[in-house]
Amino acid sequence: MTVPTLTGRPPAAAPRPGLAAQLLRRKPIGQMVSEAENGHGGTGLVRSFGVLQLTMISVGATLGTGILVILGESVPLAGPAIWISFAIAGLAALLSAVSYAEMAGLVPVAGSSYSYTYATLGEGMAWICGWCLVLEYAVSVAAVAVGAGQYVNETLAVFGQVLPDAVSQPPGDGGIMNIPAMIIVVLATILLVRGARESAWINTAIVVVKVAILLFFCAVAFTAFNAGNFEPLLPMGAAGVSAAASTVFFSYIGFDAASTAGEEARNPKRDLPRAIMLSMLIVTTIYVLVAVAAIGARPWGWFDGTEAALVKILEETTGQPWIAVVFAVGAVLAIASIVLTVLYGQTRILLSMARDGLIPRIFGRVSSRTGTPVAGTLIVGFLVALTAGLVPLGDLADATSIGTLFAFALVNVAVIYLRRNRPELKRTFRVPLFPLTPILGALMCAYLMANLGAETWLVFGLWMLVGLAAYFGYGRRHSRVAALSHEEYRELSGRDTSTPSTTEPTKADLS
């Protein structure tokens with residue numbers, strides 16, 4: 001008998017399952033890996049990433065967002081204890097990161113937590129997770145790009161020039177359109193269309209610059225350190241610290257970008273867990289260090305309403321405008337790195353969803369010339385550029401955080417499910433202190449979600465309603481997993497337990 005696949009045309013006579021059965025139907029892990037190896041429509045992504053490139057994708061998508069873009073908005077919430085907020089958010093991210101590391105080694109495909117959820121909790125939760133990831137990735141790209149205008153103006157100010165608000169601020173913030181934000185998204189889109197390998201090497205170079213400028217800031221800021229700026233430590237109480245932690249969690253969302261590169265990694269089962277954990281260590285350390293240096297250099301009230309705060313600290317501390325220019329230029333590069341890597345992750349998640357038939361197939365088409373989803377990248381880039389140009393930063397940041405936290409919670413649940421129901425699967429990384437770690441990870445995500453404002457929850461609810469309409473209007477009718485007959489689905493699920501993965505690393509790979 002011919003083994004059924006999800007990439008060919010489903011049998012016309014195969015009866016579709018009922019709604020409840022379809023929502024609970026899981027996609028076999030073996031089938032995911034097989035599709036990743038064979039590509040979509042005969043063309044697959046190119047495996048060119050090692051652990052260095054994967055780590056830099058994760059660091060590039062994460063490092064800098066909270067410090068460079070939203071520090072001025074988060075310090076007034078927590079006061080001098082902002083560094084504690086970063087540590088709390090980092091702990092929540094780390095608890096989820098270890099779950100991501102286990103799942104990335106077990107399901108080494110594009111799609112991140114969407115794919116993990118599909119393999120464990122079924123199509124219904126997978127769709128919700130994927131829809132949250134659209135909110136997380138696409139909106140976070142726009143949110144980060146919005147901050148670019150601030151640093152462009154700081155650079156121009158040294159030469160006595162500034163961009164008028166009409167072209168550097170979105171509607172609602174005194175402008176018409178944020179042109180610098182849109183330009184950065186467009187440039188990142190063009191680079192991604194050219195090829196993933198070229199994008200990864202450029203990102204690696206930019207990440208090195210980003211780390212260097214943040215360490216340079218710390219060195220300068222510590223020369224103006226005043227311990228009195230940390231008193232009182234909790235002017236807004238513990239509630240302020242928690243609220244700020246929920247906001248700055250936005251700063252940590254990028255670590256899962258490495259997991260979206262599962263089909264472009266040379267040895268994903270070995271390298272993805274290493275890249276995720278290493279990037280979290282690097283990012284958390286630098287975030288806390290920069291937060292302490294910034295508060296030590298300026299009292300917390302100074303940050304309220306201050307844009308491009310780090311540049312202003314450098315300029316006021318040194319009295320040398322050229323230092324601020326160098327940092328501002330480096331900050332624009334850092335923002336460009338985040339835009340590049342997060343936009344990359346978004347296109348790969350949409351590729352996985354299109355492969356499963358839940359969104360239009362155009363997002364899953366891979367160019368035989370570049371080895372990238374060209375059409376999907378151009379569509380996403382256009383929509384994100386419009387969002388970056390028209391929506392204020394604060395609204396974007398909080399909306400991103402709630403979608404991210406929900407997706408992270410699902411990954412923690414997926415780890416628990418597979419440990420309980422599929423203990424025989426080979427894992428190249430195992431979550432320590434199971435099941436305590438994933439349980440704490442899911443609870444921490446729920447706690448941070450609860451601290452977000454009512455408006456953010458309203459936006460999230462409306463986004464979910466739009467997602468449900470999209471699923472019932474398109475996804476349910478085009479789902480490839482649902483199109484399989486009962487016999488075909490049972491056969492694929494049976495092979496999932498009996499057929500070893502073609503990408504399983506050897507002992508030599510793991511040593």
Side-chain angles (χ1 to χ4, degrees), residues 3-14 16-17 22-23 25-28 31-46 107 109-119 122-135 137-138 189 192-196 260-264 343-384 466-485 488-489 492:
V3 177
T5 66
L6 302 185
T7 53
R9 181 179 297 275
R16 286 183 174 271
Q22 180 172 344
L23 293 177
R25 184 171 276 197
R26 297 184 294 272
K27 185 174 181 181
Q31 183 64 29
M32 289 185 178
V33 176
S34 175
E35 289 178 357
E37 292 300 307
N38 298 326
H40 183 67
T43 304
L45 300 172
V46 179
V107 190
V109 299
S112 186
S113 50
Y114 159 76
S115 296
Y116 309 155
T117 305
Y118 211 160
E123 182 171 294
M125 292 305 296
W127 171 263
I128 292 175
C129 184
W131 197 244
C132 285
L133 289 174
V134 172
L135 183 66
Y137 277 81
T189 301
L192 287 173
V193 167
R194 290 180 59 85
T260 67
E263 294 179 31
E264 290 158 284
L343 192 63
Y344 163 85
Q346 175 68 96
T347 60
R348 271 47 179 184
I349 289 167
L350 293 176
L351 181 145
S352 293
M353 296 179 73
R355 178 185 290 156
D356 295 331
L358 298 182
I359 61 175
R361 284 188 286 180
I362 190 172
F363 291 98
R365 293 175 184 167
V366 177
S367 168
S368 58
R369 184 175 64 86
T370 65
T372 61
V374 173
T377 301
L378 291 174
I379 294 172
V380 171
F382 173 76
L383 295 176
V384 170
V466 173
L468 288 176
Y471 176 75
F472 286 107
Y474 184 93
R476 187 181 179 224
R477 293 184 293 109
H478 293 83
S479 168
R480 294 182 179 277
V481 172
L484 294 171
S485 68
E488 289 172 331
Y489 179 69
L492 280 173

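Not measured: the values here are computed from a predicted model.
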Practice item. Starting at CE of Met32, measure out to OG of Ser352 and round the result to the nearest 0.5 Å. Key: 8.0 Å
Revision key, fill the gap. What one should report as the nearest heavy-atom pair of Tyr474 and Ile359 is CE2-C, 3.4 Å
Review point. Does Val134 have any side-chain contact (heavy atoms from CB on, under 4.5 Å) partners at least two apart in sequence or in another chain, and if so, which?
Key: Gln346, Leu350, Trp463
Practice item. Provide the closest heavy-atom pair for Leu23 versus Tyr471 in the form atom of the first, atom of the second, distance. Key: CD2-OH, 3.6 Å
Point to revise | Minimal non-hydrogen separation, His478 against Gly357, with atom names | key: CB-O, 3.1 Å
Practice item. Hey, could you give me the OG1/CG distance between Thr189 and Leu343, rounded to the nearest 0.5 Å? Key: 4.5 Å
Practice item. State whether the number of non-hydrogen atoms from other residues, nucleotides or ligands found under 6.0 Å of Phe382 atom CZ is greater than 12. Key: no
Exercise for review: Using the test side-chain contact (heavy atoms from CB on, under 4.5 Å), find all partners of Ser113 that sit at least two apart in sequence or belong to another chain.
Suggested key: Tyr100, Tyr116, Cys129, Leu133, Ala407, Val411
Practice item. Hey, could you give me the CZ/OG1 distance between Arg348 and Thr377, rounded to the nearest 0.5 Å? Key: 5.5 Å
Practice item. Look only at the side chain of Thr372 and the backbone of Val193, and say whether a donor-acceptor pair between them is shorter than 3.5 Å. Key: yes
Review point. Going from CE on Met125 to OG1 on Thr117, what distance comes out if it is rounded to the nearest 0.5 angstrom?
Key: 7.0 Å
Check your understanding: Do the non-hydrogen side-chain atoms of Asp356 and Tyr118 ever get within less than 4.5 Å of each other?
Key -> yes
Review point. Is the backbone of Gly376 close enough, under 3.5 Å, to the side chain of Arg365 for a donor and an acceptor to pair up by distance?
Key: no
Review point. Does the side chain of Met353 come within less than 4.5 Å of Phe363's, by heavy atoms?
Key: no
**Study point:** Least distance between heavy atoms, Ala470 atom then Trp127 atom
**Key:** CB-CZ2, 3.8 Å
Point to revise | side-chain contact (heavy atoms from CB on, under 4.5 Å) against Leu383, all qualifying residues, sequence neighbours excluded | key: Ile379
Practice item. Mind checking the CG-CG spacing from Leu192 to Leu378? Nearest 0.5 Å is all I need. Key: 10.0 Å
Revision key, fill the gap. Applying side chain to side chain donor-acceptor pair (under 3.5 Å) to Arg26 and not counting sequence neighbours gives Tyr417
Review point. Who are the side-chain contact (heavy atoms from CB on, under 4.5 Å) partners of Phe472, not counting sequence neighbours?
Key: Leu19, Leu468, Arg476
Practice item. Could you pull out all residues at least two apart from Ser479 that satisfy side chain to side chain donor-acceptor pair (under 3.5 Å)? Key: Glu123
Check your understanding: Hey, what do you get for OH (Tyr344) to CD1 (Ile349), rounding to the nearest 0.5 Å?
Key -> 10.5 Å
Review point. Short question: side chain of Arg477, backbone of Gly473 - any donor-acceptor pair under 3.5 Å?
Key: yes
Exercise for review: Check Ala354 against Pro360 and note the closest heavy-atom contact, atom names and distance.
Suggested key: CB-O, 3.4 Å
Review point. Which atoms form the tightest heavy-atom contact between Ala482 and Arg25, and what is the distance?
Key: O-NH1, 3.8 Å
